Visitor: 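The structure that follows is given in the form of C-alpha cells.
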Amino acid sequence: MKMKKMVALGAAVGVALAGLGLAMPANAEPVSNGYVLVGSDTLQDSTNALTNGTRISGSPVRVTSGGTNLGSYDAFGSGLIQTKTGGPYFVRPAGSGAGVTALRASISGNLYNGKVITGQVDIARSSSSPGSNASSEGKLAYVPYARDAVSYAYNGTNSDLANLTAAQLKQIYESNTPVVIGGTTVKPRLPQNGSGTRSFFLGAINVTAVGSTVNDTNNTRPENDASILQADEIIPFSVASWTAQANGATPSNTIAGTNVKLGAPTGVAPVSVSGTVTTPSAAFYADAKFGRNTFLVVEYARIDSSSANFDANLQRLLDPATTSGLTNMGTFGSTSGAVKRKFGFLEPSTTDIIRAYATL
C-alpha cells in the first residue's frame, strides 16, 4: 500500500510560522494535546525538531495536525512519562522495540509494564523493519520515514579497525574468544536490547547469538553513544546520527573524542567531510546490507479510508506528499524533508507501507 495523495492539506497538517513556539528546546516533553510519538532513539532528535519547531533548514518549520501540537518523547530520560492530559504515568518506551510494544498496548488495551495505557500512544518510531512480524493482515502499518544506514564507531589510533568487513564483524560479534585483526584485539560492544540499531546491525552481519566477548552484561546503554568507547572498542552506529552529531544538529555530541571514528565495512566511506560539514554517502545508504529504511508505526485501521477507525488527520500527517508532514522528504527549507536531511537522513528507498502483527 502507498499513501494516497491528499488535498487541502493546510487544514490538517501545518507548518508553524515564526513566533509559534520555535524556541522550545528539542528535548522538551510537554503533555500532548495531539498525537504522541515514542520509541527509537535514532529518530527522536529529528522528530523532536519537527514537532517542537526548528529553523535548522533555514526556514521556520513545525509540524502540527488538526490544530493540535504533537508530542515526541525521548527514548531515555525520566523513568515515567505522561503523554496526554489526565492520562496515566507509564514506563518510558526506550528504543524501537519498546515503542512498538507500547503502541500495541495502546491499541489493544493490554498491559504495558503493568499499566493500562489505552489511547496514550499514536505513533511508534522504529529504526528497523518488522522482520518476521510482517503480515498481510497486520494490525500495524510501518510507514517509511527516511533512509539511514548503520556502520560501526570505533576508538583506535591505527587502521586495523577502519575497514572491518561484514564477515569480520560477524566473527567478532559471535566469538567466545578475543578476535585479533592485524595487530589489534577488537573489543565489541552493543547498545541496549530494545535498540533497533542493535537488531538491524546484528541482522546485517548475520549474527543470531552474541558471543561472550561482547560487552553486553546488564546493558542499558542508549544507541548512538560513542562516548563510552575505550581503546580498540567498536559499537554499531547510525550514520544519520553520526552526521547529525558531527554537524551540531543534535542536543548532545558523543563523537567528539579524538580517536573516535566511523568505520567503513563496505569499503565506501559512510560520510564525507568538507571543512566543518559532514555529509552522508548516498552510495553507502544504498547498500543492500547496511542501508535501511526507518519507519513511523501506526494502527493500520487509522490510515485505511475504508475502516470505521479511519483518521484523516493522521493519514495526512503520514503522507509523504504533505510538505509539512512527518514522512515528507522535500528539499526546500520550508519542508519537513529539509529538516530531516539536516539530521543525516535521505529519501527512503520506497514509500510502500509494510503491514505487521496479525494479532496485538
Side-chain angles (χ1 to χ4, degrees), residues 1 12-13 28-41 43-44 47-48 50-52 63-128 130 133-135 137-143 145 193-194 196 295-318 325-327 353-360:
M1 174 183 176
V13 180
E29 294 188 329
V31 175
S32 175
N33 66 344
Y35 300 119
V36 166
L37 298 82
V38 299
S40 169
D41 180 280
L43 305 189
Q44 76 179 25
T47 60
N48 285 354
L50 288 171
T51 59
N52 292 337
V63 175
T64 60
S65 183
T68 63
N69 298 326
L70 283 65
S72 181
Y73 292 78
D74 286 357
F76 295 88
S78 60
L80 301 178
I81 58 173
Q82 181 190 35
T83 58
K84 297 190 178 184
T85 303
Y89 285 86
F90 58 96
V91 174
R92 179 185 299 273
S96 299
V100 172
T101 299
L103 174 64
R104 294 170 65 193
S106 178
I107 299 166
S108 68
N110 294 331
L111 294 181
Y112 175 73
N113 285 312
K115 187 68 66 73
V116 175
I117 62 167
T118 306
Q120 302 304 300
V121 173
D122 302 287
I123 302 171
R125 305 181 301 257
S126 180
S127 60
S128 58
N133 293 307
S135 167
E137 302 299 319
K139 308 296 185 185
L140 300 185
Y142 279 65
V143 183
Y145 174 73
N193 272 312
F295 302 89
L296 297 181
V297 189
V298 296
E299 182 181 7
Y300 177 74
R302 295 181 71 184
I303 59 170
D304 176 11
S305 59
S306 66
S307 169
N309 292 332
F310 177 61
D311 183 337
N313 284 347
L314 184 61
Q315 187 197 47
R316 293 186 187 102
L317 186 67
L318 298 177
L326 291 172
T327 64
I353 290 171
I354 304 172
R355 293 181 65 177
Y357 292 96
T359 59
L360 295 175

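None of the values given here were measured: they were computed from a predicted structure.
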Visitor: Are any side-chain N or O atoms of Gln315 and backbone N or O atoms of Asn313, one a donor and one an acceptor, separated by less than 3.5 Å?
Guide: no

Visitor: Nearest heavy-atom pair of Ile353 and Ala141: which atoms, and what distance?
Guide: CG2-CB, 3.6 Å

Visitor: Within a radius of less than 6.0 Å around NZ of Lys84, do more than 12 heavy atoms belonging to other residues, nucleotides or ligands occur?
Guide: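 Yes, because the 6.0 Å sphere around NZ of Lys84 holds more than 12 heavy atoms from other groups.
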
Visitor: Hey, does the side chain of Arg92 reach the backbone of Val38 with a donor-acceptor pair shorter than 3.5 angstrom?
Guide: no

Visitor: Would you mind reporting whether Leu140 and Ile107 have side-chain heavy atoms less than 4.5 Å apart?
Guide: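 Contact flag for Ile107/Leu140 side chains = yes.
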
Visitor: Answer yes or no: is there a side-chain heavy-atom contact under 4.5 Å between Ile81 and Pro93?
Guide: yes

Visitor: Can you check whether Leu80 reaches Val91 side chain to side chain, under 4.5 Å on heavy atoms?
Guide: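 Yes, side chains in contact.
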
Visitor: For the atom pair CG (Asp304) and CG (Asp311), what is the distance rounded to the nearest 0.5 Å?
Guide: 12.5 Å

Visitor: Would you compute the distance between atom CG of Leu37 and atom CG of Leu43 and round it to the nearest 0.5 angstrom?
Guide: 9.5 Å

Visitor: Quick one: CG on Leu70 to CD1 on Ile123, what's the gap to the nearest 0.5 Å?
Guide: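 Reported value, rounded in 0.5 Å steps: 6.0 Å.
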
Visitor: If you measure from CD on Glu137 to CZ on Arg355, what distance do you get to the nearest 0.5 Å?
Guide: 6.0 Å

Visitor: Enter the distance from Thr47:OG1 to Asn52:CG here, rounded to the nearest 0.5 Å.
Guide: 8.5 Å

Visitor: Answer yes or no: is there a side-chain heavy-atom contact under 4.5 Å between Asn48 and Ser72?
Guide: yes

Visitor: Over 60° means perpendicular and under 30° means parallel, so classify the ring planes of Phe90 and Tyr112, tilted if in between.
Guide: perpendicular

Visitor: Please name the pair of heavy atoms, one in Asp122 and one in Leu103, separated by the smallest distance, quoted to 0.1 Å.
Guide: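 Where Asp122 meets Leu103 most closely, the heavy atoms are O-CD1, 3.6 Å.
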
Visitor: Using only atom types and a distance under 3.5 Å, with no angle test, would you say the side chain of Ser127 pairs donor to acceptor with the backbone of Ser40?
Guide: no

Visitor: Is Ser126 reaching over with its side chain to a backbone N or O of Phe295, donor-acceptor style, under 3.5 angstrom?
Guide: no

Visitor: If every non-hydrogen atom of Tyr145 is compared with every non-hydrogen atom of Leu326, which pair is closest and at what distance?
Guide: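 So the minimum-distance heavy-atom pair works out to CE1-O, 3.3 Å.
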
Visitor: Taking all heavy atoms of Asn110 and all of Leu360, pick out the closest pair and write down the distance.
Guide: ND2-O, 3.5 Å

Visitor: Which is it for Val116 and Leu111 under the side-chain contact (heavy atoms from CB on, under 4.5 Å) test, yes or no, and what are the steps along the way?
Guide: CA-CA 5 Å; Val116 175; Leu111 294 181; 3.5 Å; yes

Visitor: Can you measure from OG (Ser108) to OH (Tyr357) and round to the nearest 0.5 angstrom?
Guide: 12.5 Å

Visitor: Please answer whether the main-chain N or O of Gly87 pairs with a side-chain N or O of Gln82 as donor and acceptor at a distance below 3.5 Å.
Guide: yes

Visitor: What are the two closest non-hydrogen atoms of Gly138 and Tyr300, and how far apart are they?
Guide: O-CB, 4.0 Å

Visitor: Is any side-chain heavy atom of Tyr35 less than 4.5 Å from a side-chain heavy atom of Val298?
Guide: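 Contact flag for Tyr35/Val298 side chains = no.
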
Visitor: If we count only N and O atoms by modelled type, under 3.5 Å, do the side chains of Thr68 and Asn33 hold a donor and an acceptor together?
Guide: no

Visitor: Can you check whether Gly77's main-chain N or O pairs, donor with acceptor, with Asp74's side chain at less than 3.5 Å?
Guide: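 Answer holds: no.
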
Visitor: Apply the test side-chain contact (heavy atoms from CB on, under 4.5 Å) to residues Asn133 and Val100: give CA-CA distance (whole Å), side-chain angles for both, the deciding distance (0.1 Å), then the verdict.
Guide: CA-CA 12 Å; Asn133 293 307; Val100 172; over 6 Å; no

Visitor: Got a donor-acceptor contact below 3.5 angstrom from the Lys115 side chain to the Pro88 backbone?
Guide: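 Not confirmed, Lys115 side chain does not pair with Pro88 backbone.
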
Visitor: I need the minimum non-hydrogen distance between Leu318 and Val143, along with the two atoms involved.
Guide: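 Heavy-atom minimum between the residues: O-CG1, 3.8 Å.
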
